[in-house]
Amino acid sequence: MKKVALHTLGCKVNSYETEAMSQLLEKAGFSIVPFSDVADIYIVNTCSVTNMADRKSRQMLHKAKKKNPDAIVIAAGCYAQTDTDGARDDVAVDIVVGNNKKINIVEIINDYFEKHVSESLIDINKTDEYEALELTEKVEHTRAHIKIQDGCNNFCAYCIIPYARGRNRSRYMKEIKAEAERLAEIGYKEIVLTGINLSAYDDAGQKLIDVCEMLNEVDGIERIRISSLDPVIVDEAFAERLAMCEKICPHFHLSLQSGCDKILKSMNRHYTANDYYAKCEILRKYFPDVVFTTDIIVGFPGETEEDYKECRDFARKVGFAMLHVFKYSRRNGTVAANMPEQVDEQVKSRRSDDLIQVGEAMREEYLKNQLGKQKAVLFEEEVEIDGEKYWVGHTKDYIQVAVKSDEIIAGGIKDVNLEKIAKNQIILATL
């Protein structure tokens, strides 16, 4: 029985696909071991969102080969797809597997061993057909991700992903429903819809809202979480229909990237700051307890100090519950990489630190406003906080909550009273 170790870099979609590959390999008779162990085969599901991600991907591939020089090292995913020649020529890499070939991982490995290949094997497929990877067994205790979409047609100026993932394509509705029903049968209470550009979902005219309405009727599933939304999808009709789905979590990660119109236009984002704010107001109208989180890139080419301050002020205006702040990273192969007025790294770092502090202040204010409220929590696991045992889970608006209980409550949903903010922004509560 050959031992296989897998490692994921990058996004939730990559994590989903790594777990799906792991399950395919285990069913085929391979033994799955931690990446830190000595294995016969190492699979690195790589990321290519920035040049740093490429570098980390190469580092993990070399780490695997160093762990066992006789092992087969496989570069899969976005770095493998966008820099196929670089991966092939890397002395640490034996097999290069593209994004639409992960579903064939068992056959690829078996063929490699059977044919005794002495040079790098490349299996890259750049067609835009949806790859039907899926999870068949439990991964987490209570929450399951379902990938329903891949690829992107947006071509934002900073982003390599359309080249790494191909054009937009979507999973069949009937397959999504079947996976959700199977996950409900094995005990999942919450599902998280994920994709590269989830808002672009389209199965013969059926959109993301149709997926949400369909899943709202699946018995056993009590929560539906949307991993990320493009603001362009939000209008009155979308919000009204979504609010009718009582299982939808009112926590929306609404992609922003900048709060400055000049920078949004330069990024090739198809909305203005005012457009974005109007979308937030629509969602607030239909979801009174709505929570917004977002991503913001600082230091994009041409961003002046005034542009940055405009962005920072806009973030405060929206009142996000959490900010994910990224310094712009020059990515070869993108439009932005060749733009003039590249921002100095020290300036990027200063703006990033400043905006992170703004985000932390908004997060603290949001959490303080939740104290004294009663909320339903889906409990996940037992952890230790300050030397004491607590059961930890999340509310629908994704607040992490901890309670003491002699009863085993993992997997259950219980109402709690939110009382105190502990370390790591966990709220202590009582049943």
Side-chain angles (χ1 to χ4, degrees), residues 12 15 139-145 187-194 221-229 243 246-254 256 280 283-284 286-296 315-325 353 355-431:
K12 294 290 186 185
S15 297
V139 182
E140 297 182 40
H141 293 298
T142 56
R143 182 183 299 111
H145 288 75
Y188 282 105
K189 297 269 198 315
E190 179 179 315
I191 54 177
V192 183
L193 299 180
T194 189
I221 298 299
E222 299 190 37
R223 291 182 177 182
I224 303 164
R225 197 175 296 278
I226 301 172
S227 62
S228 182
L229 277 180
E246 70 275 5
K247 297 178 182 179
I248 287 289
C249 294
H251 163 228
F252 299 111
H253 190 82
L254 202 60
L256 176 58
C280 293
L283 288 169
R284 284 192 174 105
Y286 290 95
F287 295 89
D289 296 325
V290 70
V291 177
F292 296 117
T293 59
T294 200
D295 301 320
I296 295 180
R316 287 178 173 142
K317 178 182 176 181
V318 175
F320 293 105
M322 184 178 291
L323 289 183
H324 300 273
V325 180
D353 291 344
L355 194 57
I356 287 170
Q357 287 185 357
V358 170
E360 289 174 348
M362 287 193 290
R363 179 66 176 171
E364 185 177 358
E365 181 181 0
Y366 170 70
L367 292 177
K368 284 181 178 177
N369 288 337
Q370 305 310 304
L371 299 181
K373 294 182 180 180
Q374 185 180 77
K375 298 207 172 191
V377 175
L378 174 56
F379 286 97
E380 298 151 18
E381 60 181 342
E382 191 176 32
V383 301
E384 188 174 291
I385 302 174
D386 293 331
E388 298 186 83
K389 296 287 187 180
Y390 287 85
W391 292 101
V392 171
H394 286 84
T395 62
K396 283 184 108 176
D397 45 0
Y398 215 61
I399 300 170
Q400 194 173 23
V401 175
V403 302
K404 290 182 180 179
S405 175
D406 294 332
E407 179 187 354
I408 297 174
I409 57 176
I413 296 178
K414 291 185 177 292
D415 289 333
V416 302
N417 298 306
L418 306 183
E419 296 188 347
K420 178 185 176 183
I421 301 174
K423 64 179 182 181
N424 299 324
Q425 298 181 328
I426 296 175
I427 291 186
L428 301 184
T430 55
L431 293 168

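Keep in mind that the numbers below use all heavy atoms, side chains included, and drop hydrogens, waters and symmetry copies.
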Between the CD1 atom in I409 and the CD atom in E380, the distance rounded to the nearest 0.5 Å is 11.0 Å
Sorted by chain and number, sequence neighbours left out, salt bridge (charged side-chain N to carboxylate O under 4.0 Å, His left out) with E382 holds for none
(request) Would you confirm whether K189, through its side chain, and G412, through its main-chain N or O, come within 3.5 Å as a donor-acceptor pair? (result) no
Q. Using 30° and 60° as the class limits, which term best fits the ring planes of Y398 and H251: parallel, tilted or perpendicular?
A. parallel
In this structure, CD of Q357 is separated from CG of L323 (nearest 0.5 Å) by 12.5 Å
In terms of heavy-atom contacts, I248 and K396 come closest through O-NZ, 3.6 Å
Nearest heavy-atom approach of V416 to F379 is CG1-CZ, 3.9 Å
ask   = Do Q400 and H394 come within less than 4.5 Å of each other through their side chains, counting heavy atoms only?
value = yes
Rounded to the nearest 0.5 angstrom, the NZ-OG1 distance for K12 and T194 is 8.5 Å
So CZ of F252 and CZ of F292: to nearest 0.5 Å the spacing works out to 7.5 Å
Taking atom NZ of K373 as the centre, does the number of heavy atoms from other residues, nucleotides or ligands within less than 6.0 Å exceed 12?
yes
For I421 and Q425 the tightest heavy-atom approach is CG2-CA, 4.4 Å
Shortest non-hydrogen pair, V318 vs C280, comes out as CG1-SG, 4.0 Å
Between K404 and K389, the two heavy atoms sitting closest are CG-O, 3.8 Å
TODO: Verify, without hydrogens or angle tests, whether W391 (side chain) and S405 (backbone) share a donor-acceptor contact under 3.5 angstrom.
DONE: yes
- Query: Is I427 close to T395 at the side-chain level, that is, under 4.5 Å between some pair of heavy atoms?
  - Reply: no
Worksheet item: Should Y390 and I426 count as side-chain neighbours, where that means a heavy-atom distance under 4.5 Å?
Response: no
Under 3.5 Å, sequence neighbours excluded: what are the donor-acceptor pairs made by side chains of residues 359-369?
{"from": "R363", "atom 1": "NH1", "to": "A321", "atom 2": "O", "distance (Å)": "3.4"}
{"from": "E364", "atom 1": "OE2", "to": "K368", "atom 2": "NZ", "distance (Å)": "3.3"}
{"from": "Y366", "atom 1": "OH", "to": "D397", "atom 2": "OD2", "distance (Å)": "3.0"}
{"from": "N369", "atom 1": "ND2", "to": "E365", "atom 2": "O", "distance (Å)": "3.3"}

| request: Using atom types as modelled and distance alone, determine if a side-chain donor or acceptor of T142 lies under 3.5 Å from a backbone N or O of G411. | output: no
Taking T294 for the side chain and L256 for the main chain, is one N or O donor matched with an acceptor at less than 3.5 Å? yes
When rounded to the nearest 0.5 Å, the distance separating OG1 of T430 from CG of D415 is 11.5 Å
If only atom types and distance count, is the side chain of R225 paired as donor or acceptor with the main-chain N or O of H145 below 3.5 Å?
no
Distance col, row K375:NZ vs I413:CD1, nearest 0.5 angstrom, shows 14.5 Å
Please examine the side chains of S227 and H253, heavy atoms only from C-beta on, and report whether any two atoms are closer than 4.5 Å.
no
Of all heavy-atom pairs linking V290 and R284, the shortest is CG1-CG, 3.5 Å
